[in-house]
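Take a look at the structure below.
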Amino acid sequence: MEIVTRFAPSPTGYLHIGGIRTAIFSWAYAKKNKGKFILRIEDTDMERSTPEAVETIKAGMEWLKLDHDGDIIYQTHRIERYKELIKLLIKQGDAYYCYTSKKELDQLREIQLKEGKKPKYDGRWRPEKNKELPEAPNNIKPVIRFKTPKDGEIRWKDMVKGEIVVQNEELDDLIIARSDGTPTYNFCVVVDDWDMKVTHVIRGDDHLNNTPRQINLLKALNAPLPEYAHLSMILANDGQKLSKRYGAASVMKYRDDGYLPEAVINYLARLGWSHGDEEIFSADQLSEWFDFDHVTSSAAQFDQEKLDWINNHYIKNTATEKLADLIKPKLIDNQVKVIDGQVLNSAIKLYQDREKNMNTFSEDILFFFKQVQPSEELKNKYLDENSKSLVSICIDGLEQQTWTNENVNNFLKEFVKKQEIKFPEIAMPLRTIIAGTDNTPSIGSIIFVIGVKETKKRISSFLG
RNA sequence: GACCCCAUCGUCUAGAGGCCUAGGACACCUGGUUUUCAUCCAGGCAACAGGGGUUCGACUCCCCUUGGGGUCGCCA
């Protein structure tokens, strides 16, 4: 049988890292088994679903190259199908109309909670043998409830949590159609997974409590049961739930914050899954190695520092041209008018080993394209009369050189000898003037890339 | 409150009863390389939540306690 997985987000907010990791695992499991990976938008909540959120989901999936099979499925396009099956359940006697108002339900919940009980619908409209139902009020539009079995238990072997048992008496008769006739989540999921032949339902463990309800529904529909895998949550680095300001933001925020998609995939996949001691792996490798035997059942904390480390790894190992394409727009955002491709490539090569983020990367090499003023603190630290005159002598000598990287660096070494100074005594003032900072790679190489003309220009404007 | 899930270094994890003197990675610390910073290299610190069982033997299996998380919507 062909393995079919799906990612089924609801377009009501951001697609955050927890959601994305679910998508990654579902994608990887389908790939690994040469199966299908479906993207389904669960937009039955018209109030909260937005087209923008749909776009965010698409953009995020595309950025991470999590390609799905077939067209995107929208639940709102399938309403008729759900209604048809709801009718069937009513006909079978597995569903019934309930006229309890929201207000009454709220009161019921309140009382039950006060009594220390689990809030549950009390089944007052549930048809039963020899039971007299109340007169249906004509001022209330009924919802449709599913007749959950009263006895017995639901049991399944979860692919990550193992054996799970829930007593049916813990469950109540869930609403499958609202009073306006529209179907609700638990019902739509069941119908879709069945119709789409989903074999493995992979989702966050916040859905764990929905699973027994869904299994009951599936049984009533006489549909086959899929396998279930409930992934543990991702927690913020303080051990708390992900919040908007921490991690729950759109995945696209990670792109905007300077992360490479390869790094995000790698980090998230490693968070909660392992392949021995492997820390660095590509999406392709993931799709070859992925299995549920090595998915952790406990929640994991998100660690930005490790993400940064992985991001640095990918920056170090990404082709210069590709990095250049990513950096160019950022330079333009920083008011750089003309970008010399050669200079950009050289700057990237000089810097890529040390960068853990594409944004700081582009900021760090900004000075190649436009003069960056050092802080007063830096000026005071490195630029006194003595060092200024050294810089002045140095640039005069530099002008005489045949312009190669080697020559520039050799000249600086000779200069230090001649002047009987230590290297930093000339390197730091030069860094301050040319780069506007005291942290740079080889200053000789930087001067070489920037060119003698520009170097002299910056020095002259500085020395006045 | 009820129900469900979870529990190895600060963090992510390896671990399928003897391979464990508990391994790797991030972070941190020390040293080396370096022209500053970073990269890189070498080394170091650091954990089986507690208590009972089962067993010749338990990080691993069972139970309890404790702690954390989730769910209890005409949301998904």
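A note on names: the letters A, B, ... follow the listed sequences, proteins ahead of strands, and every chain is numbered from 1. Note that the structure is predicted; figures quoted are calculated from it, not measured.
- Between A:I17 atom CD1 and B:C12 atom C1' there is a gap of 13 Å when expressed in whole angstrom units.
- Comparing B:G73, B:A76, B:C3 by their nearest atom to the side chain of A:R109 picks out B:G73.
- Checking B:C4, B:G24, B:A76 against every side-chain atom of A:K306, the shortest atom distance belongs to B:G24.
- For A:S297 and B:C6, a side-chain-to-base donor-acceptor distance below 3.5 Å is absent, hydrogens and geometry of angles not being considered.
- Computed from coordinates, the A:L113 CG to B:C72 C1' distance equals 9 Å when rounded to whole Å.
- The NZ-P distance, from A:K356 to B:C40, rounds to 10 Å in whole Å.
- Comparing the C1' positions of B:C45 and B:C3 gives an interatomic distance of 43 Å, to the nearest angstrom.
- Using cut-offs of 30° and 60° on the angle between ring planes, the pair A:H275 and A:W289 is parallel.
- Whole-Å rounding puts the A:K118 NZ to B:A2 C1' distance at 6 Å.
- For A:R431 against B:U35, a side-chain-to-base donor-acceptor contact under 3.5 Å is present.
- The CD1 atom of A:I434 sits 17 Å away from the P atom of B:U36 (whole-angstrom rounding).
- A salt bridge links A:E55 to A:K58: at least one charged side-chain nitrogen sits closer than 4.0 Å to a carboxylate oxygen.
- Below the 3.5 angstrom threshold, one finds a donor paired with an acceptor across the side chain of A:E279 and the base of B:G24.
- Shown are A:D438, A:N439, A:T440; of these, the side chain to side chain donor-acceptor pair (under 3.5 Å) with A:R431 is made only by A:T440.
- Nucleotides B:A7 and B:C62 place their P atoms 11 Å apart, quoted to the nearest Å.
- Listed nucleotides: B:U13, B:U35, B:C72. Nearest to the side chain of A:N409: B:U35.
- Distance NZ (A:K120) to C1' (B:U71): 14 Å, rounded to an integer number of Å.
- Taking atom CG on A:D172 and atom C1' on B:G73, their separation rounds to 11 Å, with Å as the unit.
- At whole-Å resolution of the value, NZ in A:K117 and P in B:A2 are 13 Å apart.
- The neighbour count for A:K316 NZ, taken as heavy atoms of other residues, nucleotides or ligands under 6.0 Å away, is above 12.
- Comparing A:E163 and A:A299 by the nucleotide of RNA chain B whose heavy atom lies nearest to each, the residue mapping closer to the 5' end is A:E163.
- A:D205 contributes no side-chain N or O that forms a donor-acceptor pair with the base of B:G70 under 3.5 Å.
- Note: A:Y254 and A:Y259 have tilted aromatic rings, judged against thresholds of 30 and 60 degrees for the angle between ring planes.
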